[in-house]
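Note sheet for the following structure.
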Amino acid sequence: MVVKVIGPPNASSCRKVLVCLMEKEVEFEIIPIDLFKGEQKSPEFLKLQPFGVVPVIQDGDYTLYESRAIMRYYSEKYKSQGTDLLGKTLEEKGLVEQWLETEGQNYHPPIFNLHLQFHHRLGLPIDDKIVKESEEKLEKVLDIYEERLSKSKYLAGEFFSLADLSHIPLTHYLVTDIGKAYMIRNRKHVSVWWDDITSRASWKKVLQL
Amino acid sequence: MNLTLFKGGEPLVKRTIFFFLLSICFSPVIYKLLPDPIHTSSMALKLYGIPMSTCTARVLACTYEKNIEVQLVPVTLAAGEHKQPSFLAKNPFGVIPVLEDGDLTLFESRAITAYLSKKYKEQGEDLLRLKGGNLKEEAMVGLWLEVESQQYSPAITPILYEHFFAPRRGKIPNQKVIEDGLVKFEKVLDVYESRLSQSKYLAGDFYSLADLHHLSFTLYLMRSPWASLISSRPHVNAWWECISSRPASQKVIQGMTPAEK
């Protein structure tokens with residue numbers, strides 16, 4: 001049975017899940033949703049995801065939402081195939097969780113705000129105050145990442161994990177649509193890390209979907 | 001002193017042994033002859049933080065539920081201890097809590113609770129549903145952990161910040177932030193009301209880490225002018241009554257209650 005991923009294939013939260021499924025060699029099918037038509041607020045969708053956001057997965061009878069929960073589930077379910085995204089020892093798993101939480105709590109909020117400001121389809125006037133505050137917060141987080149990545153190849157250690165993966169889609173927006181590649185390129189170790197994680201075949205394929 | 005060692009012994013022998021051991025405890029001469037105690041602090045779990053902090057309380061709740069002993073090392077926030085180089089070396093984000101377990105240092109309260117729930121899965125409450133090997137139950141816990149992290153806490157935090165913490169920093173609470181926050185938060189609570197009308201706890205009919213993560217912020221809400229957001233929703237209210245009355249939760253709540261003068 002093929003996993004159904006419900007959501008637009010180019011939405012950042014959906015891309016996270018798609019990269020994860022590819023890394024784990026899990027077959028999937030995308031059921032697109034048009035966010036601009038508000039399909040995520042339809043009664044049928046809200047039955048699957050009551051918060052009205054994407055993605056949701058359906059795996060036979062089984063439904064799951066929240067991108068990080070979906071990634072953790074499939075990384076655990078298929079731990080013996082594909083890339084090990086969780087870490088092997090308890091300590092490694094602890095560090096993966098630490099940096100995945102860091103992404104969720106510290107990196108995601110400012111970069112998501114920037115993404116909303118610069119989203120070409122939302123067409124809203126840019127709020128300079130939000131942009132300035134978000135940039136400042138993001139720069140502080142990236143300074144911490146620069147320090148961390150000067151000591152280890154990936155965030156949780158010497159292995160690619162969910163923690164690194166979770167950063168890819170929105171950071172891609174940062175360096176393209178948002179036009180702030182300098183935030184990555186000005187930081188030597190972050191830059192090397194970025195080139196490494198975006199050179200993975202899974203990400204390249206997801207970009208083409 | 002473990003008196004079970006003496007069970008079944010003759011009364012006179014018991015008394016003799018008892019007083020002998022007592023004399024060792026109180027004898028300075030004997031103390032000098034005893035080897036120095038083995039330095040065990042490197043083996044104990046250390047948690048840097050304070051019981052009043054919502055995020056430290058989240059980790060403490062987990063340790064109480066799982067009967068895990070930790071040494072709580074207070075951090076003097078008022079003196080800016082958390083921004084000093086020695087603390088930043090543990091958590092570069094300069095916030096509490098931080099866990100030290102031998103060589104491993106972990107920050108982010110939700111990563112710490114996940115780690116402890118896995119390491120000590122065999123004892124206390126099975127907060128991540130690991131013992132039964134039911135991956136789908138584990139995934140439901142994972143889902144509601146994310147909902148707390150991505151929906152509930154981001155909605156509740158600005159309200160609590162403006163009401164409780166802005167005044168401490170000499171600022172007037174921003175009413176617009178509070179009003180906008182309440183609209184958003186009520187929508188989230190409506191989803192919770194619906195969910196909890198179908199299952200006793202968030203991830204199913206079992207208490208889990210997902211429920212536990214809500215304790216400390218919700219406690220603040222119950223102490224705010226907006227406690228009725230919870231009490232007016234019968235299923236959310238019943239859930240709150242249930243999770244907050246657990247002995248481990250009561251202990252956390254006590255720690256978050258300033259001592260009366």
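In what follows, every chain begins at residue 1, and chains take the letters A, B, ... in the order their sequences are listed. Every heavy atom of this structure was used, including side-chain atoms; hydrogens, water molecules and symmetry mates were not.
- When the shell of 6.0 Å around NZ of Lys131(B) is examined, it contains more than 12 heavy atoms from other residues, nucleotides or ligands.
- Gln105(A) has its side chain within reach of Ser149(B): a pair of non-hydrogen atoms, C-beta onward, lies under 4.5 Å apart.
- Residue Glu27(A) qualifies as open at atom CD: its count of foreign heavy atoms under 6.0 Å is 12 or below.
- Residue Gln198(B) qualifies as enclosed at atom CD: its count of foreign heavy atoms under 6.0 Å is above 12.
- The closest side-chain heavy-atom distance from Leu106(B) to Glu97(A) is not below 4.5 Å.
- In this structure, CG on Leu135(B) lies 7.0 Å from OH on Tyr62(A), to the nearest 0.5 angstrom.
- Note that OG1 of Thr63(A) is 9.0 Å distant from CE of Met140(B), once rounded to the nearest 0.5 Å.
- Looking at heavy atoms from C-beta onward, Tyr73(A) lies out of side-chain contact with Leu143(B) at the 4.5 angstrom threshold.
- One finds no salt bridge joining Glu138(B) and Arg72(A) here, because no Lys/Arg side-chain nitrogen approaches an Asp/Glu carboxylate oxygen to under 4.0 Å.
- Interface remark: Ala114(B) contributes side-chain atoms only to the contact with chain A (heavy atom separation under 4.5 Å).
- A 6.0 Å sphere centred on CD1 of Ile172(B) holds no more than 12 heavy atoms belonging to other residues, nucleotides or ligands.
- With a 4.5 angstrom heavy-atom cutoff, Val96(A) does not touch chain B via any of its atoms.
- For chain B, the nearby parts of Tyr65(A) are the backbone and the side chain; heavy atoms of each come within less than 4.5 Å.
- Proximity to chain B involves both the backbone and the side chain of Leu90(A), based on heavy atoms less than 4.5 angstrom apart.
- For Ser109(B), no part sits under 4.5 Å from any heavy atom of chain A, backbone or side chain.
- The number of heavy atoms from other shown groups lying within 6.0 Å of NZ (Lys200(B)) does not exceed 12.
- With rounding to the nearest 0.5 angstrom, the CD1 atom of Ile144(A) is 8.0 Å from the CG atom of Leu88(B).
- Separation of atoms CZ (Arg110(B)) and CZ (Arg68(A)) is listed at 10.5 Å; rounding is to 0.5 Å.
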From CA spacing to verdict: side-chain contact (heavy atoms from CB on, under 4.5 Å), Gln151(B), Val53(A): CA-CA 11 Å; Gln151(B) 300 280 356; Val53(A) 290; 4.0 Å; yes
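- The CD atom of Gln150(B) lies 7.5 Å from the OG atom of Ser67(A); values are rounded to the nearest 0.5 Å.
- Side-chain contact between Glu108(B) and Asn106(A) is present, with heavy atoms from C-beta onward closer than 4.5 Å.
- For chain A, no part of Val141(B) is nearby; none of its heavy atoms comes within less than 4.5 Å.
- If you measure heavy-atom distances from Leu104(B) to chain A, the contacts under 4.5 Å come from the side chain alone.
- No more than 12 heavy-atom neighbours from other residues, nucleotides or ligands sit within 6.0 angstrom of NZ on Lys184(B).
- Atom NZ of Lys88(A) has 12 or fewer neighbouring heavy atoms from other residues, nucleotides or ligands inside a 6.0 Å radius.
- In this structure, chain A has heavy atoms under 4.5 Å from both the backbone and the side chain of Lys136(B).
- Counting only heavy atoms from C-beta outward, the side chains of Tyr115(B) and Leu95(A) never approach each other to under 4.5 Å.
- If you measure heavy-atom distances from Phe112(A) to chain B, you find no contacts under 4.5 Å at all.
- Minimum interatomic distance between Ala111(B) and Gly94(A) (heavy atoms only, all atoms of both residues): CB-O, 4.4 Å.
- Within 6.0 Å of NZ on Lys77(A) lie more than 12 heavy atoms contributed by other residues, nucleotides or ligands.
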